[in-house]
Every structure is written in C-alpha cells, then in structure tokens.
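Naming convention: chains lettered A, B, ... in sequence-line order (proteins, then strands); numbering from 1 in each chain. All values below were derived from every heavy atom in this structure, side-chain atoms included, with hydrogens, water molecules and symmetry-related copies excluded.
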Amino acid sequence: MIKITFPDKSIREFQDGVTGQEIAQSLSSQLAREAFSVSVNGDVWDVTRPIFSDANIAIHKWEDKEAKEAFWHSSAHLMAEALEVIYPGIKLWVGPAIETGFYYDVDMPEGKVISENDFETIEKKMLEIARGKHAYIRTDMPKAEALEYYTEKGDEYKMDLISGLQDGTITFYTQNNFTDLCRGPHLPDTSAIKAVKIMSIAGAYWKGDDKNKQLTRVYGITFPKQSMLSDYLTLLEEAKKRDHRKLGRELELFTFSQKVGAGLPLWLPKGAMLRERLEQFLKKLQTRYGYEPVITPHIGQKELYVTSGHFAKYGADSFQPINTPAEGEQFLLKPMNCPHHCEIYKSKPHSYRDLPIRYAEFGTVYRYEQSGELHGLTRVRGFTQDDAHLFCRPDQLKEEFLKVIDIVLYIFKVLDFNDYTSQISLRDPNTPDKYIGSDENWAKAESAIIEAATEKGLKTVVKYGEAAFYGPKLDFMVKDAIGRSWQLGTIQVDYNLPERFDLTYTGSDDQKHRPVMIHRAPFGSMERFVAVLIEHTAGKFPLWLTPEQAIILPISEKFNEYAKKLLQLLKNYDIRAVIDERNEKIGKKIRESELRRIPYMLIVGENEANDETVSVRKQSEGDLGKMSPEEFSQHIKNQIEKELQE
RNA sequence: GCCAACGUAGCUCAGGGGUAGAGCACUUCCUUGGUAAGGAAGAGGUCAUGGGUUCAAUUCCCAUCGUUGGCUCCA
C-alpha cells in the first residue's frame, strides 16, 4: 500500500501502482471522467500512469492550467496524425500546447502547402480520429532504438531532437496509427476532444533561427465541449471590436498614409488631443519628482551613435545615414535619445552635490523596423518615447530606481492597468558578444534591478537574453485585445554609456567619479501606450483624458441657439464639448454619440431651454436627469478628481 | 527580411475575361422630432501600382507597394 496526500492535506492509502484516474474514481466517477492530468509530487503525469510510492497529488480538471496543457498537447498529436493522413510524407518537428491551444511545426512534402481552405479537411479528420476513442499509450524506448525508428522513417527533425536527449528518459506516445516522441503528459484517450478549430497558419524558422529552413506552423484549438468553442470564437470576435486599429479609425484618433510611408503614424486632431493630455499628465508628475525638461534635435552626427555603440549594433538594419553637401559628413535620424542627453550632461562639470540629475524629453525617434513587424500603433518606424535619463551616484541608484517604479505603478493605477506583468530582462550568459561592458558592471546593474523589484514586492518573471545591449531592464508588459503581450514601461540600469561618453562628477574626495545612468520610459512610447489604452478601455477613455467630454444634442433645430449658448458656458467651465446641430432625430444623435464613446450627452429641447438646464445622459448608462450647467460642471469635476485620486 | 492570405466608393463588404454593386457615411430636399438608425433624391471608384497573356483584364499570370496572422528582430 502507498500513502496518497491530497491538496487538502488528507491522506488515504491505495494499492501500489494505482493510477490518478483510479484515485479520482474513488472520489467520484464524474471526477474520473473530467480528470485530464494529475500532479504527482509536483510533476504533471498522465492520469493512467501507475504510482508506486507515497505521493502528494492534485487531480487537474479542464479549469486547471495543467489539464488544458495535457488536453491541447494531446490535440497537437491528434492534429499531427490527421496531417500525416492528409499529407503523406510530411515531417514533424515539435507541437506544444500554448496559452490558447496548440501548434505543430511541420515540414510539408515537396510542392505542398496548407492554406485556409484546407482547415476544414483537417478539422474533420481530427474529429473522425478523436471519435475512435484511441488511448494515448506511453512507452519507454532506449535511445538507440528511438534513433533507429526515425532513421527508418527518414525524419531528420526527430532524430535531431533525440540526439539531444539523455538515454533512459526517452518516452513515446501512441494513439491510433500515430506515434510521437514526447515527454507527455497526455489524456487517457482521444474521445475527450469534442470540438476542433484550426486557427491559422504561419511560417516558423526551424529552431527559431532565421538562417534555418522555414517550417509550416499550424495553429489550432480544441475543447471538451462544442459550446466552449463557440464561446471562445465569440470572445475573439468581441476582442476584435476593441482592436486599436479599428477604434483608431472609427474614433478618428490616427491614420496611416502609404504616401507618407509604412509605420509612420499620423495623429488626427482627437488623437493628438488625447496624447497631449497624457503628456501633460506625465510632465506634471515628473516635475514633482524633480525631473528637468530638455529638448534635443531629431538627428545627430553618426559619430555620436558610434560612440554609444548603437551604430555598430543596429546601423546596418536602420534608416541609412543622411549625407550633406560637406564631404564625409553624415547624420542619423536619432534612434535613441540617450546620446543627446549624455552630451547635455557633459555641457558642464558636475559636483556630487548636483546629483541626481534627471533629464526628461518626449523624444521622437526613428527605427527601421522590419516590414513584417509593423503593426498599428504598437510597432512603428517613427515614435515618441516619454524618455528620461537619470544620472546618479552609485549610492543613489537604488533610491532613484525605486522612485521610477513608483511613477510607473502610479500611472498604471490611474489608468486602471491591473493586468500587467513585470519582467526582469537580463543578459543571456551564453551570448556575451551581444552586450557591451564589463561583467562586473553587469553584475552590479542586474543585482540593483533585482533588489529594487524585490523591495517593491513586484511579482516578476526573469527572462534571460532580453536585456538591452548596454544594460539590464525592468519591463512592464501589458496584453492587447488579441492576447499579445507588449512592453510598455521600461527602466534600465546602465554603467556602460557613462563610460563610453566619459561622463564624470567630482566627488567629496575631489576625485573624478563615474555616474550611473537610469534610462526610463513609463509609457514606453506614446504610440504603443495609446494603442494599449484604446484596447484596454475599448475607446471609453477616462473623463480627464477623452478628447470630447460632452456632446450637446438639441431635440430639433429650433434649440440650436440655446445649444450654442450652452456650449460657450461649458467652455468657460473648461469642459470639452461639441454640438450635434444636424437635422436629425434625437434617437439617431444619441446612437451616434454612444458609438463615438462621448461620456456625456446633454439633451436640450423646449423644457431645458425654458428653465436653462440640460438633461444629462451618460454613455452606456442612460438618463441621469435634469441639471443646471453649474451642477453638470461640478459633476464632471468630481468625476475627474475621483479618476486622478492617488 | 521570411511563410501564408488579402488589397473593389470615406467605412464594412458582394461580384466577376466584355470598361462595376449594396449598406452605412457624404450632399440636397421633405420632415422639427424627447433618450440607440424618419423619408426621398443625388454625388462618389484608373477595382493598390507597374508589366505580361488576350480581340478585350478590375477579373488570369508576374513583379512592386501596402495590409493581416505568425516567425526572426525589437536600442
């Protein structure tokens, strides 16, 4: 007998070799049906795998991440089998479960491609196999035998995978006529997979290296119930409605023009108004935190970026240098503001008493992003960073870093971004040539970030290889409407550029010392931040930010005069309002104002004109009743105060 | 940059080898209305751009540009 400990700490005895499924069955037969995987001493196992020693276990149902992973991983195998049937000669690379569904990377037979028209065929084949209720059977195989199996099959991809594995740990899973090298875990059998959707198709370089052959990546998702698939697809439709590219056009915030160029956003008046309010908000905050504004030009001598190292790292793939009539003179569109700010620091000598110095600039930069990467406002070729560079003494570094975190967190709080992740981006120790500076400086910078993040109690993920080439970063990531993660705020510790630019200050010992730099951008870029803000709010911006706070809707043209008088009054109260003077019925004016996401509709007709009031209707909520213009302005002021409360 | 798909009116989209169509938006007229679409008429397109095939191309083929979903990249 073995002792099984459940998550609630209760302990029960079972026969040696009992499976997760049998344990579930002993609790309830429904649980046994719904158990997709089981954690055994922290490792996730098949529910059909026998347990031979005392263990802590947790049974995972669909709701659990561990169950979905097994479900979707099994589905990837199912799809692989279907693909093998439909495209004989197809070769398989890897097929993991992902956050929503799974994919499989495949090498298509010569001359064959998968297109969207083929999705239905694949789905049908998968469902057909799933209905056969084929068990996923786990087998161990010695390395030599595994290699032999794939040599026979002529599959160089799997052979590559196996050659990297340790002998004795190699397992295979078989369902129906399909066997795949796999660690597992998997479902007991294929019958749980009831709904299947192939989502998309994409190219993916083998092993993620663009020098390698490009494989075909097929994305899919499956569910244990048809209704769950429908719900999921509805959810995707809803998310599409929040897409900033769609709302940006509908709400007249920004546009692009082929003639201006790809990835170069044009801010329309309403978008510009929104962005300027955000900038003012941050400027005010930064003034409180002791930042000083600076302004630098859009171009700089190439040498400046040679010094900083940016040119060596990014020059070849960037906008090419601008030549002048002078022989040999070259300028770059600035891809970064830091070199300019370093030169400002150098414009006069500094005492240790002056530090920290904090230079802030909404600096517009240009980077030649790859054409395939451009995406709405989130990935563009010309954008404005809410940039600042802090020059401080080593003993001030931590405090300064903590204060920057405070700024970022305050912004996120005011704008109601609760669902962010903080990522500590460190360098990849395996590729030291990607970075500049000494190991010692890197170690100092990395520990500074880790300490500061810990002190603030941030829940962070550590990612190696994500650092900037001159220093590690603390990044704040937020997801967009379709689930993609974007970096917004970033804080970076840099010991290297101060050396490269030979920045110094005089210490109390009358000796020259090197300052430490912090690069920081709490929004990241205005473009990306506004994009994510649009998706986060679905276009319903906070009152303090929104371009149009109120719209006056006269019941008929007879009341346009009163509406104009009212508009002037509201302007005096600093309320951003417009009038819909068109010859349309009130229902239509309301509908369109709702779609324009204007927070307040002020309906004025005979009654209001007579007693000098407005009927207030709140967007997506409805009638608030009659108010005097004074009361309304007070209402707005109260709302804004609430929004900006610390 | 790479893989796949797409590009028709301001927007959303239909169509298809014989010089184009709907709804919304726009203009004009009628209507002057009370909380999510009043009615009528009109105007609007070199069917992304450039080549090729054809008696004839918006439609078929190629290239370029752009857009979309991924991959690689992201100072």
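Using a 4.0 Å cut-off, some side-chain N or O of A:R484 falls inside it from OP1 or OP2 of B:rG69. Dashed line: the shortest gap from a side-chain N or O of A:S115 to OP1 or OP2 of B:rA5 is not under 4.0 Å. The side chain of A:K207 places no N or O atom within less than 4.0 Å of a non-bridging phosphate oxygen (OP1 or OP2) of B:rC71.
Comparing A:C338 and A:F256 along RNA chain B, the residue whose closest nucleotide (by nearest heavy atom) sits nearer the 5' end is A:F256. Comparing A:A202 and A:Q258 by the nucleotide of RNA chain B that holds the closest heavy atom to each, the one mapping nearer the 5' end is A:Q258.
For B:rC24 and B:rA36, the C1' atoms lie 15 Å apart once the distance is rounded to whole Å. Straight-line distance between the P atoms of B:rA22 and B:rA40: roughly 15 Å, to the nearest whole Å. Only the C1' atoms considered, B:rG18 is 26 Å distant from B:rC6, to the nearest whole Å. Comparing B:rA9 with B:rG44, their C1' atoms sit 6 Å apart, to the nearest whole Å. The gap from the C1' atom of B:rA4 to that of B:rU12 amounts to 24 Å, rounded to the nearest Å. Here, B:rG39 and B:rG33 have their C1' atoms 13 Å apart, quoted to the whole Å. Rounded to the nearest Å, the gap between the P atom of B:rU27 and that of B:rA43 is 16 Å. Across the C1' atoms, B:rG50 and B:rC55 are found 23 Å apart, a figure rounded to whole Å.
Annotation: proximity of residues 235-255 of chain A to RNA chain B (heavy atom, distance under 4.0 Å) is found for A:R245, A:R249, numbered in ascending order. Only A:H310, A:Y314, A:S318, listed by number, bring a heavy atom of residues 296-319 of chain A to less than 4.0 angstrom from any atom of RNA chain B.
Across all strands shown, A:S371 has heavy atoms under 4.0 Å from base atoms, whether or not it also approaches the sugar-phosphate.
Relative orientation of the A:H298 and A:Y366 rings is tilted, given thresholds of 30° and 60° on the angle between their planes. Note: A:F254 and A:F256 have perpendicular aromatic rings, judged against thresholds of 30 and 60 degrees for the angle between ring planes. Using cut-offs of 30° and 60° for the angle between ring planes, the A:F632 and A:Y600 rings count as perpendicular.
Side-chain atoms of A:Y470 lie closest to B:rA75 of the nucleotides B:rA4, B:rG33, B:rA75. For A:R582, whose side chain is taken as the heavy atoms from C-beta onward, the closest listed nucleotide among B:rC26, B:rA4, B:rU32 is B:rC26. Taking the side chain of A:M336 as heavy atoms from C-beta on, and the options B:rC26, B:rA75, B:rG1, the nearest nucleotide is B:rA75. For A:A204, counting side-chain heavy atoms from C-beta on, the closest listed nucleotide (B:rC71, B:rU32, B:rG69) is B:rC71. Distance from the side chain of A:H375 is smallest to B:rG69 among B:rG33, B:rG69, B:rC71.
Annotation: side chain of A:Q320 is not in contact with side chain of A:Y368 (no heavy-atom distance under 4.5 Å). Residues A:L570 and A:I552 have side chains in contact (heavy-atom distance under 4.5 Å, counting atoms from C-beta outward). In this structure, A:R249 and A:T255 have side chains that are not in contact, with every pair of non-hydrogen atoms separated by 4.5 Å or more.
For the pair A:K479 and A:E99, the salt-bridge criterion is met [side-chain N within less than 4.0 Å of a carboxylate O]. In summary, A:E156 and A:K213 do not engage in a salt bridge, as defined by a charged side-chain N under 4.0 Å from a carboxylate O. With respect to A:K241 and A:E238, a salt bridge is recorded, a charged nitrogen being found less than 4.0 Å from a carboxylate O.
Pairs engaging residues 422-436 of chain A under the salt bridge (Lys or Arg N to Asp or Glu O under 4.0 Å) rule: A:R427-A:D439 [sequence neighbours left out].
Rounded to an integer number of Å, the gap from A:D105 CG to B:rC2 P is 19 Å. Atom C1' of nucleotide B:rG33 and atom CG of A:N560 are separated by 13 Å, given to the nearest angstrom. In this entry the distance linking CZ of A:F469 with P of B:rC73 reads 17 Å, nearest Å. Here the C1' atom of nucleotide B:rC65 and the CG atom of A:L374 are 13 Å apart, to the nearest Å. A straight line from CD of A:E581 to C1' of B:rU32 spans 15 Å, rounded to a whole angstrom. Residue A:E116 contributes atom CD, which lies 13 Å from atom P of B:rG70 at whole-angstrom precision. The nearest whole Å value for the distance from the CE atom in A:M477 to the P atom in B:rC74 is 13 Å.
A cation-pi geometry, defined here as NZ or CZ lying under 6.0 Å from the six-membered ring centre and within 45° of its normal, does not hold between A:R528 and A:F523.
Judged by distance alone, with hydrogens and angles left aside, A:E369 brings no side-chain donor or acceptor close enough to the base of B:rC74 to form a pair under 3.5 Å. Residue-to-nucleotide contacts include a donor-acceptor pair under 3.5 Å from the side chain of A:R379 to the base of B:rC73. A donor N or O paired with an acceptor N or O is not found under 3.5 Å between the base of B:rG70 and the side-chain atoms of A:Y205.
Judged as a side chain to side chain contact (heavy atoms under 4.5 Å, CB included), and not counting sequence neighbours, the contacts of A:V461 are A:Q423.
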Pairing string of RNA chain B (Watson-Crick or G-U wobble, both atom distances under 3.5 Å; | = paired to other strand) is (((((((..((((....[..)))).(((((.......))))).....(((((..]....))))))))))))....
- [ ] Begin with the C-alpha distance, continue with both residues' side-chain angles, and end with the deciding distance and a verdict on ring-ring contact (aromatic ring centres under 6.0 Å, His included) for A:Y345 and A:F501.
- [x] CA-CA 10 Å; A:Y345 180 88; A:F501 281 92; over 10 Å; no
### Task
Begin from the C-alpha positions of A:R591 and A:E584 and carry the test salt bridge (charged side-chain N to carboxylate O under 4.0 Å, His left out) through to its verdict.
CA-CA 11 Å; A:R591 176 178 159 79; A:E584 292 292 353; over 6 Å; no
TODO: Start with the C-alpha gap between A:D623 and A:I603, add the side-chain angles, then the distance that decides, and say whether side chain to side chain contact (heavy atoms under 4.5 Å, CB included) holds.
DONE: CA-CA 10 Å; A:D623 202 350; A:I603 291 150; over 6 Å; no
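With A:L553 as the partner, the side chain to side chain contact (heavy atoms under 4.5 Å, CB included) test is satisfied by one option alone out of A:K588, A:R617, A:M601: A:M601. Screening A:R597, A:R582, A:K585 for a salt bridge (charged side-chain N to carboxylate O under 4.0 Å, His left out) involving A:E592 leaves a single residue, A:R582.
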Name the pairs: protein N/O against N/O of nucleotides 35-42 of chain B, kept only if under 3.5 Å.
| unit_1 | atom_1 | unit_2 | atom_2 | d |
| --- | --- | --- | --- | --- |
| B:rU35 | O2' | A:R617 | NH1 | 3.0 |
| B:rU35 | O2 | A:R617 | NH1 | 3.2 |
| B:rA36 | O4' | A:R591 | N | 3.4 |
| B:rA36 | N7 | A:R617 | NH2 | 3.4 |
| B:rA36 | N6 | A:E594 | OE1 | 3.1 |
| B:rA37 | N7 | A:R591 | NE | 3.4 |
| B:rA37 | N6 | A:R591 | NH2 | 2.5 |
| B:rA37 | N1 | A:R591 | NH2 | 3.3 |

